[in-house]
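By convention in this document, chain letters (A, B, ...) are assigned in the order of the sequence lines, proteins followed by strands, and residues within each chain are numbered from 1.
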Protein chains: 2
Amino acid sequence: MNLKQLSDLLGLSQTTVSRALNGYPEVSAKTRDRVQRAAKEHHYSPNTRAKGLATGTSMAIGHVIPMAAKHEMVNPIFADFIAGAAATYSANGYDMLLSMVDDSKVAQSYRSLQSRGSVDGVIVHSPTVNDSRLTLLDEIGLPYAVHGRASGHGDPYCWLDVNNKSAFSRATTFLTDLGHRRIALINGQETLDFATRRRAGYEDGLRAAGIAVDPAIMRSDEMTEAFGYRSTVNLLAMDAPPTAILVSSMICALGVRRALEERGLKMGRDMSVLTHDDALSYLETGETIPAFTATRSSVREAGEKLAQLLIDRITSPESAPPHILLEAVLTVGRSTGPAPQSGV
Amino acid sequence: MNLKQLSDLLGLSQTTVSRALNGYPEVSAKTRDRVQRAAKEHHYSPNTRAKGLATGTSMAIGHVIPMAAKHEMVNPIFADFIAGAAATYSANGYDMLLSMVDDSKVAQSYRSLQSRGSVDGVIVHSPTVNDSRLTLLDEIGLPYAVHGRASGHGDPYCWLDVNNKSAFSRATTFLTDLGHRRIALINGQETLDFATRRRAGYEDGLRAAGIAVDPAIMRSDEMTEAFGYRSTVNLLAMDAPPTAILVSSMICALGVRRALEERGLKMGRDMSVLTHDDALSYLETGETIPAFTATRSSVREAGEKLAQLLIDRITSPESAPPHILLEAVLTVGRSTGPAPQSGV
DNA sequence: GCTAAAAACCAAAGCGCTTTGGATGCCTAA
DNA sequence: TTAGGCATCCAAAGCGCTTTGGTTTTTAGC
């Protein structure tokens, strides 16, 4: 069923039917009603491509997910973020176009999306410091919104970020307040912008307590369960092991816990663990007292809000690029406790 | 830059340029070369919508992910599966259109994709027994491929599945061979087709060892970490607790391990745990001897292959719907061991 | 009853591509 | 020399929609 068939059926012109369906005023109330009823009855929806061709918009947002070629790792955050964004899109009549491409093909992928006119805008994931994607997008004129920030990008742009620095500085202070003086950091890859901010927050927190930053107890890599495990084993084997660990992701923290428990160490007593928690849906425990003390910020909610930001930007491009800075909530769970008395 | 501009630039007709770019023979080699060079130089790609309008195809595949409205849970498998599918799509020039919709709106969503002509086919996720989506898709004539199978659907259709029954029967036998007689099952929701097959395999395995099926030690729910934990705590509190647990998902198994370790029980000695492992990228440990004994099957690979199956089906619809049955690999890790001597 | 304005509707152009159905020029064979 | 056959190229129609620039019908005002 297409417009012509529907209008023939109704004995109206395509113009009138189109207008009736799109809410233009030049149609009488009764005709509009008749048209809408008929459209519903015959499951008519206008052809996306034809509509897009005519209007010059695609009503679709692109997500280009860069994938590390080396071991095809998918960021576990991704699913929840996407779910949030998808909710916003469907509420606003947008489709979501997803591509996962090798790091090296990202630029080409953006260019193609733009020149093929497949999307009205894109979400930029996992920004790095001085992210080259933003300059490219500025250059080709494709509207975008960034999940996180890209330090070093001069021009104003649209972003949503968690206040990572503040969160990790507060987390560190929380630990120093408990008497911890030797606090390890298990961070994400520090080419990523958020990781540098978390690190900065961590260092601020240490300095505020008069503790020297010790690179020997700082780790940084892709945030897998295995990395958390490996790092912890490694830290425990040190001459002066930390009494607390600050972790950048819940997945990682699961590995930390495994390493500790395997060695008969109890979280919160023998080792304090404080992790960032993206509130991933499948890791929710629903317990009243959470297992982990955590800086918490829902990545699903981030997806919802950032998508809205981008849509707003697309529909009113003249206004200044909006941004949102979310504060993480520091929730106290059972994984932290006072530092052991230093009776070495 | 559009076709007209490019052809004007080259002093050729749109026809010739179009043919040159699409590899038709009615163009001299030198002209084709000249055209392709110019297209590259000016970053020309044909407008997707216009091309789609003209050809009647969209070169896009839809993924409609149903989301349980109750707590907006995203299946953690999803990201890896999607990554696999995305790889196939980009290799074949397809785009991926993703929507996440409330369970109740799935049918409407398919209808809309079809009537708007947004996709050439769809992937069906998480099929249930007698899944109504398949009948709908048959009815509206939208090509599809199913990740898993839908018992009860009469007509042949395109699918890719892990042999869940065989995997879980072999897993159960592995445990009975070790002397276990009381084996619990922590399964996914049994409205889902794969869960019923796993259960059937489990029951087969028990029967083969002459063990009665005991519903008291069988659990079934959404496969979260919390569910694994809860179930295990619960099983351990029984008068006659199991000596082994068969788990349907790695995420769940993490919860099982947490419950055990919290109680000072050691996997493989005090309790044998065997889990299905979808080889999720962020849970890879890379250890030579894996922590968990598992029936293993890469869901990423499933995504890659199923996408290819669907594309084949779209490009040659006349052939019989193809399907693939993957066998899971049973890998022995450190989480299983002989049953404790029954010296009750 | 007549005119002007407002309301309701319509024909056709145009979005950027593919593809049909020719044209045009050149070469070969009779 | 000329017709036929190829190899190249092109003009224009058509995909399904929106939108411009009308035309026709009603309504309102006097």
Side-chain angles (χ1 to χ4, degrees), chain A residues 1-36 38-39 42-60 93-95 112-120 315, chain B residues 1-36 38-39 42-60 93-95 112-120 315:
Chain A
M1 168 78 50
N2 61 24
L3 226 212
K4 183 161 173 20
Q5 295 169 334
L6 184 63
S7 53
D8 284 355
L9 198 100
L10 287 161
L12 289 166
S13 74
Q14 300 191 31
T15 308
T16 304
V17 174
S18 171
R19 293 202 145 138
L21 292 173
N22 290 313
Y24 285 83
E26 304 94 331
V27 181
S28 71
K30 82 184 75 138
T31 306
R32 157 163 302 121
D33 232 55
R34 199 160 67 93
V35 170
Q36 287 178 340
H42 295 88
H43 292 300
Y44 168 78
S45 330
N47 182 294
T48 315
R49 294 185 300 273
K51 186 166 188 162
L53 232 208
T55 58
T57 112
S58 65
M59 292 304 280
Y94 279 80
D95 285 327
S112 155
L113 283 177
Q114 168 73 326
S115 58
R116 292 183 306 150
S118 305
V119 299
D120 292 338
T315 48
Chain B
M1 168 76 52
N2 61 26
L3 224 210
K4 183 162 174 21
Q5 294 169 335
L6 183 64
S7 52
D8 285 356
L9 197 102
L10 288 162
L12 289 167
S13 74
Q14 300 192 29
T15 309
T16 304
V17 175
S18 170
R19 293 203 146 136
L21 292 174
N22 290 311
Y24 284 83
E26 303 94 331
V27 181
S28 70
K30 83 183 72 137
T31 307
R32 157 164 302 119
D33 232 55
R34 197 161 67 93
V35 170
Q36 287 178 341
H42 295 88
H43 292 300
Y44 168 78
S45 329
N47 182 293
T48 314
R49 295 186 299 272
K51 186 165 188 163
L53 234 207
T55 58
T57 113
S58 64
M59 292 305 280
Y94 278 81
D95 285 326
S112 156
L113 284 177
Q114 167 72 325
S115 58
R116 291 183 307 151
S118 306
V119 299
D120 293 337
T315 49

Pairwise salt bridge (Lys or Arg N to Asp or Glu O under 4.0 Å) hits with a residue in residues 14-24 of chain B, at least two apart: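 Qualifying pairs, neighbours excluded: B:Arg19-B:Glu26.
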
Residue pairs fulfilling salt bridge (Lys or Arg N to Asp or Glu O under 4.0 Å) with at least one residue in residues 43-59 of chain A, sequence neighbours excluded: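 Salt bridge (Lys or Arg N to Asp or Glu O under 4.0 Å) check on residues 43-59 of chain A returns no pairs.
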
B:Pro25 or B:Leu53, whichever maps to the more 5' nucleotide of DNA chain D: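 It is B:Pro25 whose nearest nucleotide is closer to the 5' end.
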
Distance-only donor-acceptor check, side chains A:Thr15 and A:Ser18, under 3.5 Å: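 A:Ser18 and A:Thr15 do not have a side-chain donor-acceptor pair below 3.5 Å.
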
In whole angstrom, what separates [X]'s [atom1] from [N]'s [atom2]?
| X | N | atom1 | atom2 | value |
| --- | --- | --- | --- | --- |
| B:Leu12 | D:dA11 | CG | P | 11 Å |
| B:Lys30 | D:dT8 | NZ | P | 8 Å |
| A:Met59 | D:dG16 | CE | P | 21 Å |

Side-chain donor/acceptor of B:Asn47 to backbone N/O of A:Gly117, under 3.5 Å: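 Not confirmed, B:Asn47 side chain does not pair with A:Gly117 backbone.
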
Main-chain N/O of B:Asn2 paired to B:Gln5 side chain as donor or acceptor, under 3.5 Å: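 Checked: pair present.
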
Partners meeting side-chain hydrogen bond (donor to acceptor under 3.5 Å, both in side chains) with A:Thr315 (sequence neighbours left out):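 For A:Thr315, no residue satisfies side-chain hydrogen bond (donor to acceptor under 3.5 Å, both in side chains) once neighbours in sequence are set aside.
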
Phosphate-side-chain proximity, A:Ser28 and C:dC9, N/O vs OP1/OP2 below 4.0 Å: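 A:Ser28 to C:dC9 OP1/OP2: side-chain N or O found under 4.0 Å.
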
side-chain contact (heavy atoms from CB on, under 4.5 Å) between A:Gln14 and A:Ser7, intermediate numbers included: CA-CA 6 Å; A:Gln14 300 191 31; A:Ser7 53; 3.5 Å; yes

Partners meeting salt bridge (Lys or Arg N to Asp or Glu O under 4.0 Å) with A:Asp95 (sequence neighbours left out):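 Salt bridge (Lys or Arg N to Asp or Glu O under 4.0 Å) check on A:Asp95 returns B:Arg116.
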
Divergence of helical axes at both termini of the helix from C:dG1-D:dC30 to C:dA30-D:dT1 - five pairs an end, 10° steps: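 Between the axes fitted at each end of the helix from C:dG1-D:dC30 to C:dA30-D:dT1 lies an angle of 50°.
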
Footprint string (nucleotides 17-24 of chain D, 5' to 3'): B base within contact, S backbone only, - free, heavy atoms under 4.0 Å: BBBBB---

